[in-house]
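Notes follow once the structure below has been shown.
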Amino acid sequence: MTTEPATAARPRGARFDPSSYEARWRATWEADGLDVARDDDPRPKRYVLTMYPYPSGDLHIGHWYAATGPDIVARMYRMQGFNVMFPMGFDSFGLPAENAAIDRNIHPAIWTNANIEKMRAQFRTMGAMFDWSREVVTSDPSYYRWTQWIFLQLYKAGLAYRANGAVDWCPKDQVVLAREQVEGVDRRCWRCGTPVIKRDLEQWWFRITNYSDELLSFDGLDYPEPIKLMQTNWIGRSEGAEIDFPTEPDDVEAIRVFTTRPDTIFGATFMVLAPEHPLVSVLTTEDRRADVEAYTAAARRETEIERMSTEREKTGVFIGAHAINPMTSERIPIWIADYVLPGYGTGAIMAVPAHDERDYAFAERYGLPIRHVVAPRDGGVAEGSAYVAHGEDEVLVDSGAFTGMAAADAIGAITKALEETGQGSAAVTYRQRDWLISRQRYWGAPIPIVFCDEHGAQPVPEDQLPVVLPEDVDFAPTGVSPLQGHAAWQATTCPECGGPARREADTLDTFMDSSWYFLRYCSPDKSDGPWDRAATDAWMPMHLYTGGAEHAVMHLLYYRFFVKALRDLGHLSIDEPTLKLRNQGQILGADHNRMSKSRGNVQAPDELVDRYGSDTVRAFLMFIGPWDQGGPWNPSGIEGIHRWLGRVWGAALPEEARRSVPSAPDAEGEELVRALRRITHATIGEVTEDIEGFRFNTAISRLMELTNAVIREREAGLAGTPAYAEAVDTLLTLMAPITPHIAEELWHRRGHEGSIHRAAWPDADPALTASDTIELPVQVDGKLRDRLVVTPDTPAEEIERMALASEHVQRYLAGRAPMRVVQIPGKLVNVVTPRD
RNA sequence: GGGCGAGUGGCGGAACGGCAGACGCGCCGGCCUUAGGAGCCGGUGUCGAAAGACGUGCGAGUUCGAAUCUCGCCUCGCCCACCA
């Protein structure tokens with residue numbers, strides 16, 4: 001295998017002109033299979049992945065930005081001797097295809113495939129080392145067959161279930177959403193931004209909450225702190241107690257509440273149930289029934305936004321019944337109020353107005369008793385508003401046998417007392433809900449379930465997968481799945497009895513497709529299973545995964561859940577999909593808004609690539625700032641990168657440079673050689689660390705500095721010396737991951753055989769980076785006043801003597817003796833003057 | 001309301017508690033050009049002729065020494081938000 005250009009006539013022009021070689025090298029690399037990762041390659045494997053895109057039809061500058069970072073890291077790993085897999089594919093199911101299809105009267109499959117084809121071509125101009133031989137397209141039946149298979153595995157394991165309940169519905173997209181896919185204070189659809197409403201529907205769910213606790217653990221994972229924090233908050237684990245309050249008059253059934261503050265139970269002066277609570281209709285007394293039903297009906301009509309608003313005044317009604325406080329035996333009234341949410345905890349609370357702001361507001365409004373049971377240890381009670389502190393400095397008051405106990409201890413003590421009498425127990429609740437996976441749209445994988453009148457919901461037998469999407473469907477959104485209208489497709493037989501049955505018409509959330517695509521890349525062509533276990537064992541977990549932080553509590557939670565569930569079902573040997581996660585920042589439009597076609601602020605890379613070449617665009621994007629920061633698009637400065645590459649060109653081809661006469665190795669020349677080798681080897685270490693740490697902007701500035709040094713030395717007559725050749729070859733090698741084309745072109749022009757991308761990543765020689773002399777800043781009272789040039793082994797006493805002898809220092813000492821002299825060896829000297 | 005993060009030249013941004021402003025853009029000057037929106041060289045935080053003084057959102061503190069650590073404010077961004 002060779003990496004010589006495929007074309008026989010290779011242009012030998014001296015001018016820096018990326019268009020003369022970039023496309024040629026891409027063709028050569030592809031023909032040579034440079035980027036194809038082989039399972040049988042004996043070198044240690046590293047799997048690097050960037051989140052695959054949705055095939056919207058156009059690659060914009062944000063795609064380049066996102067993909068170039070991990071491409072650089074993957075390329076460096078390859079040069080460091082790893083067998084690197086860096087695949088790419090398309091997240092091709094989803095609403096935009098369907099909406100575009102409706103607008104243009106074209107089938108989603110045709111629209112999607114055309115976009116994929118276009119984007120593949122655009123992606124190729126990046127020169128990224130994508131292994132296209134492993135490409136995955138999630139809307140392809142050969143892929144979604146296994147998406148359906150995974151659904152069935154979870155279903156059989158009891159991790160998928162069908163349930164009726166209030167769900168979030170996007171009225172514009174005409175589809176339900178998972179809780180994670182509703183964003184912001186005003187609860188908008190993650191895709192289109194329309195405020196969602198609640199609907200009662202029977203839907204399919206995944207029991208992701210079975211894994212809430214395990215998902216809270218990030219042991220051994222190198223994830224950005226904000227992602228860990230967001231996931232932790234989203235899962236929202238709360239420790240407390242569940243307590244049963246018997247009810248009057250008949251104690252039909254006790255009301256179970258969840259509280260994080262069992263220490264305040266002596267202050268529970270009433271109870272509040274969510275209007276939806278099942279016991280409401282049972283407990284409501286006849287005289288209160290009309291009011292209660294009116295309130296419940298009103299609560300149902302409210303939008304989620306209204307109901308969740310903290311601004312709003314609290315409302316509720318008394319249901320006529322009473323409960324018994326198990327600690328005080330006191331008879332307390334039961335109310336319903338919409339500030340108690342049906343989906344959290346038990347949907348019922350013990351209200352402790354003295355120590356909870358919400359209960360306080362409610363009690364104030366309805367004249368309910370407020371009893372303080374926690375007070376500062378040093379006396380005094382915060383009257384008038386809820387007092388919520390409960391640490392070591394607070395003690396229980398008016399709390400029976402527990403009076404005087406530190407509030408921090410009382411939580412455990414009261415929980416224990418309740419446990420002993422069987423009235424309660426320690427409990428943990430989570431804010432996270434199960435994952436709603438049904439979708440009422442066409443362009444997704446059909447849920448592989450059939451309904452039989454006799455046998456109910458039945459899984460489609462695995463040997464009948466995939467359940468293929470029919471093509472002749474009227475997919476205009478109507479609020480029910482378009483497949484519902486396709487009688488011929490829906491009609492099937494029950495796998496249990498062979499009788500007539502009807503297919504589930506909803507499709508699977510496209511987030512399900514993206515929850516396992518990284519597994520498919522390991523063995524994309526496997527036809528008798530979703531993946532080859534030997535391949536996933538060899539490649540997984542991913543060494544590095546990159547993508548946008550906007551997926552913090554969606555994709556990045558789901559894919560962890562999938563890996564854990566599939567592990568427990570015996571299909572994987574790993575606990576986590578990736579060891580290391582990095583988020584790129586977002587490139588905004590020049591107007592500081594998100595790039596979108598409707599705003600007209602989308603920056604296409606094509607025009608820039610035509611003008612400057614891929615390398616310049618790649619390097620410029622990586623140079624504008626820290627990769628995880630992003631920022632508004634501003635092309636000013638791209639010229640600077642282009643100039644830099646032009647200077648590298650000139651430096652690398654000294655025979656074509658203006659002054660390139662090698663000088664005789666005199667003493668001055670030897671010092672220049674040492675200086676050049678010093679910066680060359682220092683740059684190796686710095687660039688390696690910067691790339692490893694995703695600091696591409698500083699990596700590039702180091703490379704620019706090395707370039708500047710090389711050119712300076714060339715002007716000083718060093719061209720043609722071994723040190724010069726070392727510097728240039730090192731520069732090209734270090735640049736290769738960032739600007740792969742020019743590095744390759746110059747590598748070959750300088751006479752090297754084989755691709756630079758198969759060359760070894762250089763090692764820094766520490767002996768060469770050490771300097772003969774160091775420059776020590778001399779401060780007086782922390783301000784720079786002078787500099788000393790000394791050898792590294794100069795004794796401290798000598799340095800101190802020299803520092804004090806400095807006339808600049810003497811001026812500030814004004815004849816006085818220094819109070820002290822601080823020396824940081826090799827770093828600086830600070831002379832401290834006497835204080836008056 | 002809660003949580004997290006960020007405020008540094010005209011701009012993007014550098015800076016293990018140790019020389020603030022690396023690198024680049026822009027700008028200014030020069031060279032080369034018939035010309036230049038090309039290329040090359042030099043300068044460029046502010047004030048000041050200079051010596052020097054002052055400078056990292058504001059105010060305190062810790063330290064020999066703070067852009068960096070602590071506390072309090074201000075501004076901006078993101079996440080969560082009646083979660084018991």
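Order of the sequence lines fixes the chain letters, A, B, ..., with proteins taken first and strands second; residue numbering starts at 1 for each chain. Here the structure is a predicted model, which is why all the values come from computation and not from measurement.
Within the nucleic acid shown, A:Leu828 comes within 4.0 Å of at least one base atom, counting heavy atoms only.
Comparing the C1' positions of B:rC71 and B:rA51 gives a spacing of 39 Å, expressed to the nearest Å.
When the salt bridge (Lys or Arg N to Asp or Glu O under 4.0 Å) test is applied to A:Glu225, the partners found at least two apart in sequence or on another chain are A:Lys228.
The only member of A:Phe623, A:Trp649, A:Phe16, A:Phe620 that meets ring pair (Phe, Tyr, Trp, His ring centres under 6.0 Å) when paired with A:His642 is A:Phe16.
Classified by interplanar angle (parallel below 30°, tilted 30° to 60°, perpendicular above 60°), the ring pair A:Phe362/A:Trp335 is perpendicular.
Comparing atom distances between the A:Thr698 side chain and each of B:rC19, B:rA15, B:rC82 picks out B:rA15 as nearest. Distance from the side chain of A:Lys827 is smallest to B:rC16 among B:rC16, B:rC64, B:rA14. Proximity note for A:Ile624 (side chain, C-beta onward) versus B:rC19, B:rG12, B:rA51: the nearest is B:rG12.
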Pull out every protein N or O sitting under 3.5 Å from an N or O of nucleotides 1-6 of chain B, one pair per line with the distance.
none

Please write out the pairs of protein N or O atoms and N or O atoms of nucleotides 23-29 of chain B separated by less than 3.5 Å, giving the distance to one decimal.
| residue | atom | partner | partner atom | Å |
| --- | --- | --- | --- | --- |
| B:rG24 | OP1 | A:Asn708 | ND2 | 3.2 |
| B:rC25 | OP1 | A:Arg643 | NE | 3.1 |
| B:rC25 | OP1 | A:Arg643 | NH2 | 2.7 |
| B:rG26 | OP2 | A:Arg643 | NH2 | 3.1 |

Table of protein N/O atoms under 3.5 Å from nucleotides 53-55 of chain B N/O atoms:
| residue | atom | partner | partner atom | Å |
| --- | --- | --- | --- | --- |
| B:rA53 | OP1 | A:Tyr812 | OH | 2.9 |
| B:rA53 | OP2 | A:Arg785 | NH1 | 3.1 |

Write down the protein N/O and nucleotide N/O pairs, taken from nucleotides 43-50 of chain B, whose separation is under 3.5 Å; answer none if there are no such pairs.
none

Once pairs are restricted to Watson-Crick or G-U wobble with both distances under 3.5 Å, how does RNA chain B read as a dot-bracket string, [ ] for crossings and | for other-strand pairs?
(((((((..(((.....[....)))((((((.......))))))(((....)))..(((((..]....))))))))))))....
Evaluate A:Asp628 against A:Arg582 for salt bridge (charged side-chain N to carboxylate O under 4.0 Å, His left out), listing each step before the verdict.
CA-CA 8 Å; A:Asp628 59 2; A:Arg582 288 293 179 270; over 6 Å; no
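Looking at A:Ile624 and A:Phe696, their side chains never come closer than 4.5 Å, going by heavy atoms from C-beta outward.
Regarding contacts with the backbone of B:rC64, every side-chain N or O of A:Gln779 stays at 4.0 angstrom or more from both OP1 and OP2.
Projected onto RNA chain B by closest heavy-atom contact, A:Glu775 and A:Gly625 fall at different nucleotides, the more 5' of which corresponds to A:Gly625.
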